[in-house]
Amino acid sequence: MELDFYPLDASYAVVRDAPVIRIYALTASGEQACVLVEGFKPYCFAASQKLALEELKQGLAKLPVFKDDKPVSFDLEQSSLHLLGREIACFKLIAQLPEDIPLIREALDAQGLEALEADIPFAKRYMIDTGLVPLALYRAYGEQVAGIMKVPSFAASRIEKISDQAPGNLNVLAFDIETHSPLGKFAVAEENPIIMLGFASESFQKVITWKSFKTELDYVEFVPSEFELISRFKEIIDRQKPDVIVGYFSDGFDLPYIKARAEKYKINLELGPYNSPIIIRKGMMPSAEIAGIIHLDLFKFIRKIMGRSLETDSFDLDSVAKELVDESKDKIDFDEMNRVWESRPEELEKYCRYNLQDALITLKITHKVMPSIIELVRVIGLPMQDVTRMGYSQLVEWHLIKRAREFGELVPSKATYSEIRDRKSKTYEGAFVFEPEPGIYQNIAVFDFRSLYPTIIHAHNISPDTLHCSCCPSELFCKKKPGFVATVIGDLIKRRMSVKQMIKESPQDKFLGARQEVLKTIANSMYGYLGFFGARWYSIECAQSITSFGRQYIQTVIQQAAGAGFKVLYSDTDSVFLLVGQKPREEVVSFVASINKQLPELMELDLEGFYRSALFVSAKAKEAGAKKKYALLSESGKLQIKGFETVRRNTSIIAREIQEKVLQLILTEVNHETALAYVRETVSKLRRREIGIDKVIITTQLRQDIDDYDSIGPHVAVAKRMRLLGKRIGPGTIISYVITPGKEKISQRARIPDEAGEYDTEYYVNNQIIPAVARIFAVFGLKPEDIIAQNQSKLDSFFNA
DNA sequence: GATTGGCGGGG
DNA sequence: GTGTACGCCAATC
C-alpha cells in the first residue's frame with residue numbers, strides 16, 4: 001500500500017525497546033494520519049584530537065556506560081567525517097535508545113573524550129538525515145496498522161519525496177482568553193478565573209463565557225461555570241480538528257493559563273488527535289506545545305523574525321494588526337471589565353465582541369504571514385512548531401546542521417560558558433563609512449552591492465573549515481576546496497536568483513515572494529552568525545575577513561569613481577552616492593559595467609537609481625558630515641529620510657512635521673530660503689496659538705513604577721497627577737503631556753493635555769522646533785538663533801503678504 | 001562610559 | 001526531550 005502525505009511534525013515513541021519515529025502528517029486528501037518508521041537508530045560521535053584512531057577505538061570499546069547499574073550497549077563504527085575541515089580520529093556510537101545518548105556523552109566526558117552531535121533531538125535527527133522536509137509531499141510505502149489514538153496509522157518501510165508542493169489549506173484555529181483580575185492588577189492563574197474563551201477559524205467563530213446575559217450575538221455560548229468552559233476548550237479542538245492553533249503570546253499566557261486552571265479543577269485536558277497534554281517549558285522564553293497539533297505563538301514569530309521588517313517597535317497585538325492588516329482593536333478598560341464581570345453581567349456583550357475580535361485579528365494576521373512561515377519551514381527543513389520559535393542565528397544554524405553531512409562535516413559542539421565569555425570580549429573592525437561634506441547636492445546616482453556580505457563569503461570561500469587550510473599555506477582561506485559555509489551561502493544566493501526569475505514569470509505567486517525573502521534572510525544572517533558568540537560555527541576570523549573585504553570592495557568603487565571623474569558624496573557599508581552633475585547618464589551606466597567586469601562570480605554592483613537632490617548635515621560639534629544621516633529626493637519627488645533622530649518619540653507632532661517639511665522644501669527648491677520662511681511662519685502661527693494643542697503633545701513611556709523614580713521628569717510628574725485622578729498608572733503606560741506657560745521648572749509645567757489650557761509657545765519654539773531643524777539649517781551657515789531672527793528676510797514678508 | 005537589572009507580550 | 005534559550009533600554013555607579 002501507499003500513502004501520500006505532508007509531514008507536519010515528528011516525534012518518537014519507544015515500542016518493545018526500540019524507537020519508532022512518528023510523523024504527524026496530513027494526507028494528500030486532507031486527513032490527519034500518523035506515519036510510523038522503524039529502524040532509525042540514535043547515535044552520536046566520539047572524537048579526539050590527540051589520540052590515534054586505534055587508541056581511540058580501544059578506549060571506546062571499554063567505555064563504561066551504565067543505566068541503573070546495568071551496562072548500556074552500543075555499536076562502534078569508524079567515521080571519516082571532518083571537524084571544521086580537519087581530519088580527526090572519530091567513531092560513530094550507535095545506541096539502542098535515544099535516552100542512552102546522554103549517558104554515553106557523560107561517559108565520554110569522564111574519559112576526556114569529546115562527544116559530538118549528542119545534542120540533536122532524535123526526531124530532528126531523523127528529518128535531517130533522511131531529508132524529510134515538513135510541508136512537502138511524500139509517498140510512504142507500507143501498510144495500515146492499528147491507529148495511534150484517534151488517528152489512522154501507517155507503518156512505512158520506505159518514504160520518497162513526490163514534490164515540493166505545499167499543502168493547499170491548513171486548518172488554522174485562533175483562540176484567545178479573557179481573565180478576571182483584581183483591581184489594577186494582572187491576572188494570576190492560581191487565583192483568577194478565565195471568564196471568556198474565543199475561537200476563530202475560516203468557518204467557525206465562538207465565544208464561551210460562564211455568566212449569561214441577553215444578547216443577539218449568535219457566536220456567544222453560555223456554560224454554567226469555568227469548569228465547563230475549559231471542558232469546551234477541549235471539545236472544540238477535538239471537533240474542529242485544527243492543523244494549527246494560534247494565539248498571541250499563547251506560549252507565555254493563554255496556554256499556561258488554561259493548563260493551570262484545568263489542573264485546579266482536575267480536568268483531564270488531553271487534546272487533539274493524540275490526546276496530548278499541553279507541555280509548558282518554563283524559563284526565559286516559555287513555550288507551550290501539544291503533540292500532534294501545531295501550536296503557533298504569533299507574537300513570538302512576529303517579534304523574533306518579522307519584527308525587523310516592521311515599522312512598529314511595539315509588538316502588542318494592536319500595533320501589529322494596524323501595520324499588517326490595517327485593523328485596530330477596540331479600546332478596553334480592564335478595571336471596568338472586571339467590575340462588569342463582578343456585578344453587571346448584563347453589560348458583558350461588549351467584552352465578548354472584544355474577545356472574538358482578538359481571535360479574529362490573530363487569525364487574519366496568521367493568514368497574512370503564513371506564506372512566510374511555510375517557506376521558512378521548507379528552507380530550514382524543520383517543523384513549524386520549531387522554526388517559528390527560533391531567532392536568526394538558530395535558523396542559520398539549523399540550516400547548516402541540515403547540510404553538514406553532505407560536506408563530510410561534523411556539527412561542532414556548542415561553546416562552553418568560558419568560551420562564550422571569551423568570544424563576547426572580542427571585537428573587530430566593521431564597515432567603512434565615508435564622511436559626507438555637509439551640503440545640498442543635485443543630480444546624484446546611488447549604487448549598492450547586491451547582498452555584499454553573502455557574495456563576499458561565497459567569492460572568497462570564507463568558511464571556518466577553509467580558514468588556514470593545510471593545502472594553501474600562504475592563504476587565509478583555502479583556494480582549492482570549496483568551503484562548507486561558502487558553498488551553502490552560494491546555494492542560497494543561486495536559489496534566490498532562480499526564484500526571482502520565477503517571480504518574473506508569475507509575479508502574483510505569494511509563496512515565491514515569501515521564499516525569496518526567506519532565502520535572502522538566511523543568507524544575510526550568515527555573516528552575523530559567524531561572529532555571534534553562541535554559534536557552533538563561530539569564527540571571528542571569518543567575520544572580520546568579511547568586513548575587511550567589504551571595506552576593500554567599497555573603497556575600490558570609490559577610487560575608481562573618483563578616477564572616472566565623479567565626485568563621491570557618501571558611502572556606507574555597501575552603497576556609494578556619486579555626484580553626476582552635468583555628465584551624461586551613459587557614463588554612470590558604463591561605470592557600473594566597468595566595475596562589474598572586475599567582480600567575482602555572484603558579486604554585483606547595482607545602480608540603485610538617480611536622485612534629484614540630496615542633503616547631508618554635519619555631525620554634532622564637528623566640521624565633518626554626520627554618518628548615516630541624510631535626506632534624498634527621488635526623481636518622482638519622493639522624500640527619503642535617514643537617521644534624523646529627533647524624529648522619534650519625546651517629540652511633538654509639530655516638531656516632526658516641521659522637520660519633514662523643511663527637508664522637503666530644501667530638497668525641492670535646492671536652497672534654504674523657502675524652508676526658512678516656512679519655519680518662521682510656523683513659529684508665528686504657534687505664537688499666535690493657531691497650532692492646535694494636539695500637535696504639541698509629547699508622549700513618553702513610563703518605564704518603572706512612579707514611586708521608583710528619583711528624578712521627576714515631566715512625564716513622571718504628569719503620571720503622578722493622573723494617578724491622583726484615579727487612573728491606573730504602571731510601567732509601560734504611555735504618558736501624554738503638554739508644557740504650559742510659567743516660570744517653574746519644566747516638570748512642574750507639564751500637564752495632562754485635557755487640563756493644559758494653553759501651551760508655552762516659547763518652550764515649543766526653543767525646545768521642539770529649533771532642535772528639529774537646527775542641524776539642517778547649520779548646513780547653510782545658520783545658527784539656531786538665526787533661524788527665528790527678528791530682522792525679517794524678504795521671503796518672510798513675501799509669506800506674510 | 002561600562003555594567004547591571006528588568007521587561008517585553010498577555011488581562 | 002540526544003536541547004536551550006534573548007536582546008534592548010534605562011537606571012546607576
Side-chain angles (χ1 to χ4, degrees), chain A residues 11-14 19 41-45 93-106 115-126 176-189 192-196 247-257 279 281-287 289 291 297-304 307-308 313-320 332-338 341 351 354-355 358 362 386 389-394 397-398 401 411 413-414 532-534 536 649 700-705 708-711 713 728 730-732:
Chain A
S11 74
Y12 74 99
V14 174
K41 294 219 165 170
Y43 66 89
C44 65
F45 296 92
L93 281 64
I94 303 158
Q96 305 304 312
L97 294 174
E99 65 191 54
D100 296 344
I101 298 293
L103 304 171
I104 292 174
R105 189 221 314 240
E106 280 167 34
L116 283 151
E117 305 199 9
D119 55 0
I120 296 173
F122 188 58
K124 288 194 178 66
R125 176 92 268 172
Y126 171 78
D176 179 53
I177 59 170
E178 306 303 323
T179 58
H180 182 256
S181 39
L183 195 65
K185 288 202 184 135
F186 204 83
V188 283
N192 311 116
I194 299 168
I195 59 176
M196 282 172 200
Y248 204 79
F249 199 50
S250 41
D251 268 348
F253 183 70
D254 301 70
L255 283 180
Y257 210 104
I279 306 285
R281 298 242 180 81
K282 299 229 167 87
M284 292 212 286
M285 291 224 161
S287 74
E289 55 184 80
D297 182 342
L298 186 63
F299 162 71
K300 199 167 274 176
F301 173 70
I302 300 251
R303 206 199 52 181
K304 293 185 98 157
R308 175 198 70 106
D313 46 16
S314 157
F315 294 105
D316 58 281
L317 182 56
D318 191 46
S319 313
V320 171
I332 286 290
D333 180 333
F334 289 108
D335 288 339
E336 179 65 7
M337 178 175 83
N338 288 316
W341 177 259
Y351 302 100
Y354 174 81
N355 184 221
D358 269 7
T362 302
D386 300 290
R389 286 170 176 77
M390 291 175 186
Y392 288 107
S393 64
Q394 279 178 89
E397 188 153 280
W398 281 108
I401 290 173
V411 175
S413 296
K414 290 199 181 140
F532 165 57
F533 57 79
R536 291 177 191 258
R649 68 186 71 125
T700 306
Q701 194 182 40
L702 216 57
R703 282 283 160 185
Q704 47 182 345
D705 220 78
D708 294 346
Y709 280 95
D710 287 332
S711 61
R728 205 56 59 181

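Order of the sequence lines fixes the chain letters, A, B, ..., with proteins taken first and strands second; residue numbering starts at 1 for each chain.
- Nucleic acid contact for A:Tyr12: sugar-phosphate only, since backbone atoms but no base atoms lie under 4.0 Å from a heavy atom of the residue.
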Would A:Lys304 and A:Met285 satisfy side chain to side chain contact (heavy atoms under 4.5 Å, CB included), going step by step from the backbone distance to the final call? CA-CA 12 Å; A:Lys304 293 185 98 157; A:Met285 291 224 161; 3.6 Å; yes

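- Residues from residues 93-102 of chain A placing a heavy atom under 4.0 Å of any atom in DNA chain C, listed by number, are A:Pro98, A:Ile101, A:Pro102.
- Using a 5.5 Å limit on the distance between ring centres and a 30° limit on the angle between planes, the aromatic ring of A:Phe334 counts as stacked on the six-membered base ring of B:dG11.
- Across all strands, A:Tyr257 comes closer than 4.0 Å to no nucleic acid atom at all (heavy-atom distances).
- Rounding to the nearest 0.5 Å places CD1 of A:Ile401 at 8.0 Å from CZ of A:Arg125.
- Aromatic ring orientation, A:Phe253 versus A:Tyr257: tilted (interplanar angle from 30° to 60°).
- At the heavy-atom level, A:Ala187 lies nowhere under 4.0 Å from the strands shown.
- Within 4.0 Å of A:Phe315, counting heavy atoms only, lie sugar-phosphate atoms of the nucleic acid but no base atom.
- For the pair A:Glu178 CD and B:dG10 C1', the computed distance is 10 Å after rounding to whole Å.
- Between A:Asp251 and A:Arg281, none of the side-chain N atoms (NZ, or NE/NH1/NH2) sits under 4.0 Å from a carboxylate O, so this pair counts as no salt bridge.
- Atom CE in A:Met196 sits roughly 18 Å away from atom P in B:dG10 (whole-Å rounding).
- Legend: residues meeting side chain to side chain donor-acceptor pair (under 3.5 Å) with A:Asn192, ordered by chain and number and at least two apart, are absent.
- Among the heavy atoms of the strands lying under 4.0 Å from A:Thr179 are primed sugar atoms or P, OP1, OP2 only; no base atom is included.
- B:dG10 atom P lies 13 Å from atom CE of A:Met337, rounded to whole Å.
- Atom pair A:Ile177:CD1 and B:dG11:P shows a separation of 8 Å (rounding to whole Å applied).
- The salt bridge (charged side-chain N to carboxylate O under 4.0 Å, His left out) search around A:Glu178 returns none, not counting sequence neighbours.
- Taking atom CZ of A:Phe186 as the reference point, atom P of B:dG8 lies 10 Å away to the nearest angstrom.
- Between the CZ atom of A:Phe253 and the P atom of B:dG9 there is a distance of 15 Å, rounded to whole Å.
- Here, C:dC6 and B:dG10 have their P atoms 22 Å apart, quoted to the whole Å.
- Counting any heavy atom pair closer than 4.0 Å across all strands shown, A:Asp176 reaches sugar-phosphate atoms only and no base atom.
- Regarding A:Asp318, its CG atom lies at a distance of 15 Å from the C1' atom of B:dG11, rounded to whole Å.
- Here the straight-line distance linking atom CG of A:Asp297 with atom CG of A:Leu255 works out to 8.5 Å at 0.5 Å rounding.
- For A:Asp100, the side chain to side chain donor-acceptor pair (under 3.5 Å) partners are A:Lys67, not counting sequence neighbours.
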Protein N or O to nucleotides 4-7 of chain C N or O, pairs below 3.5 Å:
unit_1: C:dT4; atom_1: O4; unit_2: A:Arg281; atom_2: NH1; d: 3.3

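- A:Ile279 comes within 4.0 angstrom of nothing in the nucleic acid, heavy atoms only.
- Spacing between atom CG of A:Asp358 and atom P of B:dG9 amounts to 15 Å, rounded to whole angstrom units.
- Applying the salt bridge (charged side-chain N to carboxylate O under 4.0 Å, His left out) test to A:Asp318 and every residue at least two apart in sequence or in another chain returns A:Lys322, A:Lys331.
- Between A:Asp335 and A:Lys185, none of the side-chain N atoms (NZ, or NE/NH1/NH2) sits under 4.0 Å from a carboxylate O, so this pair counts as no salt bridge.
- Of the side-chain N and O atoms in A:Tyr351, none sit less than 4.0 angstrom from OP1 or OP2 of B:dG11.
- Between C:dA5 and B:dG11, the two C1' atoms lie 26 Å apart (nearest whole Å).
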